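Note that this is a predicted model, so its numbers are computed, not measured.
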Amino acid sequence: MACNVVFFGSHEVAIPILDYLFSRPEVILSHIVSQPDRASGRGKILKPTAISAWALDHSINLLRPSKPDMELAAALGTCDLILVMAYGHILREHILSLPRLGIFNFHASILPKYRGASPVETALACGEQLTGVSLMEVIPQMDAGDVVDTEIIAISPDDYAPDLYDKLAQGSVHLLDRQLGNLINGNIVKHPQDAQAATYTRKIMKQDGQIDYNLSVIEIFNRIRGFHAHVGTFTKLHDTVLNIGHCKILDTDKIFTQPGQILSIDKSDILISTKQGILAVSELQRPGGKLLKIREFINGFSLNIGDIFESAHAENIVSNQPFPWRR
């Protein structure tokens, strides 16, 4: 008899898992639960999440509650197994008690490192060279359940967040392929996390995207990589916000007493000082405009050697204690 599986998710990173589950004869995807449709774009048109869109395309029963409450639990009823990836809400006992075989989450880090809301962005922003996907049992405490298995993922020096999400999406399928039989047969082996080694991430906010030139160029570049697809990164000049596109590290050693200063401008890059090292920015976007190559941007916006971009203090995005839940 096929296993009745309910899937909770919102981010497109989980689509390869859904494709895999949909292809398996031993699985029946009875319901998909995702976040409500959100207003998007200048027209504020309601758009479904990537997971909702997938469910609609595949004619799977779709539920989009504002939160996973008792009403949702009643609508789902009993099932065999619940799988979760990048859903966006903590699941409480009225959901945890539903499946016969338990609830398991695909968390995008090597647990117990980087529990919480932004493990992908934080791993990049912190300059990690390895991350992974951990298949863990869901319990009321955030990301603290026993781990069943982990797929290790290498992070390349030029990976931005979309690149890493793609790697994690495919790694999740490899992980599920190894463990699906054990999950549906109740034969999993669980390993407790070392709570003393746990670190926590928080939700990345728009203000986190403003560059702090008092960091080293390596730290700045890593934060740009991590925040690229989520909140983006930006800088300010004379109260004008300029979004940053492609950039690279030019120098990692030189020390500057005036971080954030434009050192040179040519048709390819703007060179900007940091506390240690030089950032080369090759794309900028002004308010209401398009992201432009520097040679085009400087034709319509005045930038001068010696101009100083504002710095915003870079707040901590990882801690050894849980951040307040703010989703």
Side-chain angles (χ1 to χ4, degrees), residues 8-14 17 83-91 103-176 179 190-205 208-209 215 218-231 233 314-327:
F8 283 66
S10 300
H11 192 283
E12 63 185 351
V13 69
I17 285 181
L83 297 177
V84 184
M85 187 173 193
Y87 172 50
H89 284 293
I90 291 179
L91 301 179
I103 300 185
F104 298 88
N105 177 45
F106 294 84
H107 182 78
S109 79
I110 303 172
L111 290 170
K113 195 170 190 177
Y114 297 149
R115 295 177 180 180
S118 60
V120 179
E121 293 78 9
T122 302
L124 284 166
C126 292
E128 297 289 353
Q129 297 180 2
L130 289 176
T131 187
V133 183
S134 297
L135 179 61
M136 51 155 285
E137 185 176 31
V138 179
I139 63 174
Q141 293 75 35
M142 183 179 63
D143 300 332
D146 291 349
V147 174
V148 176
D149 195 359
T150 302
E151 179 78 7
I152 305 299
I153 304 292
I155 301 177
S156 300
D158 56 351
D159 277 343
Y160 280 65
D163 307 305
L164 186 52
Y165 270 110
D166 287 344
K167 290 182 178 181
L168 292 163
Q170 297 307 314
S172 300
V173 174
H174 298 318
L175 178 55
L176 180 56
Q179 294 294 338
K190 300 181 291 185
H191 307 278
Q193 296 185 43
D194 179 1
Q196 298 301 314
T199 60
Y200 299 86
T201 70
R202 62 170 172 82
K203 184 176 181 180
I204 303 300
M205 311 299 288
D208 291 314
L215 300 176
I218 294 174
E219 293 171 305
I220 291 170
F221 183 66
N222 286 337
R223 289 173 78 98
I224 290 171
R225 294 164 63 211
F227 302 161
H228 174 75
H230 188 54
V231 297
T233 47
E315 299 288 345
N316 290 335
I317 58 172
V318 63
S319 171
N320 59 4
Q321 297 293 326
F323 288 96
W325 185 252
R326 295 189 292 178
R327 280 194 182 177

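Crowding of Q193 atom CD: a count of heavy atoms from other residues, nucleotides or ligands under 6.0 Å exceeding 12.
The side chain to side chain contact (heavy atoms under 4.5 Å, CB included) search around A195 returns none, not counting sequence neighbours. Residues that satisfy the side-chain hydrogen bond (donor to acceptor under 3.5 Å, both in side chains) test with T131, not counting sequence neighbours, are absent from this structure. With sequence neighbours excluded, the residues that form a side chain to side chain contact (heavy atoms under 4.5 Å, CB included) with Q141 are I139, A144.
Between the side chain of S118 and the backbone N or O of K203, no donor-acceptor pair lies under 3.5 Å. Side chain of H230 to main chain of G209: no donor-acceptor pair is present (N/O by atom type, distance under 3.5 Å, no hydrogens or angles). Put simply, the side chain of N222 never gets that close to the backbone of E219: no donor and acceptor are under 3.5 Å apart. Judged by distance alone, with hydrogens and angles left aside, the side-chain atoms of T199 form no donor-acceptor pair with the main-chain N or O of S319 at under 3.5 Å. S134 places a side-chain N or O within 3.5 Å of a backbone atom of L111 that can act as its donor or acceptor partner.
Within the structure, every pair that satisfies the salt bridge (charged side-chain N to carboxylate O under 4.0 Å, His left out) test and touches residues 125-145, not counting sequence neighbours, is listed here: K113-E128, E137-K190. Every pair passing ring-ring contact (aromatic ring centres under 6.0 Å, His included) that includes a residue from residues 151-173 is listed here, sequence neighbours excluded: H11-Y165, Y160-H228. Applying the salt bridge (charged side-chain N to carboxylate O under 4.0 Å, His left out) definition to pairs two or more places apart or across chains, those involving residues 154-166 are D159-K167.
Closest heavy-atom contact between S10 and Y87: OG-O, 2.8 Å. The minimum heavy-atom distance linking A161 with G226 is given by the pair CB-O, 3.6 Å. Here the closest heavy-atom approach between residue Y114 and residue C126 is recorded as OH-CB, 3.4 Å. Shortest non-hydrogen contact noted between M85 and S172 is CE-OG, 3.3 Å.
Taking CG from L83 and CG from L176, the interatomic distance works out to 6.5 Å, rounded to the nearest 0.5 Å. With values rounded to the nearest 0.5 angstrom, T150 atom OG1 is found 7.0 Å from I110 atom CD1. Rounded to the nearest 0.5 angstrom, I155 CD1 and L130 CG are separated by 7.0 Å. Remark: R225 CZ to T233 OG1 distance equals 12.5 Å, nearest 0.5 Å. In this structure, CZ in R115 is found 11.0 Å from OG1 in T201, a value given to the nearest 0.5 Å.
Two residues are said to be in side-chain contact when any heavy atoms from C-beta on lie closer than 4.5 Å; F227 and I317 meet this criterion. Contact check for R223 versus L215: side-chain heavy atoms found under the 4.5 Å cut-off. With a 4.5 Å cut-off on side-chain heavy atoms, F106 and V13 do not count as touching. In this structure the side chain of E315 reaches within 4.5 angstrom of the side chain of R202, judged on heavy atoms.
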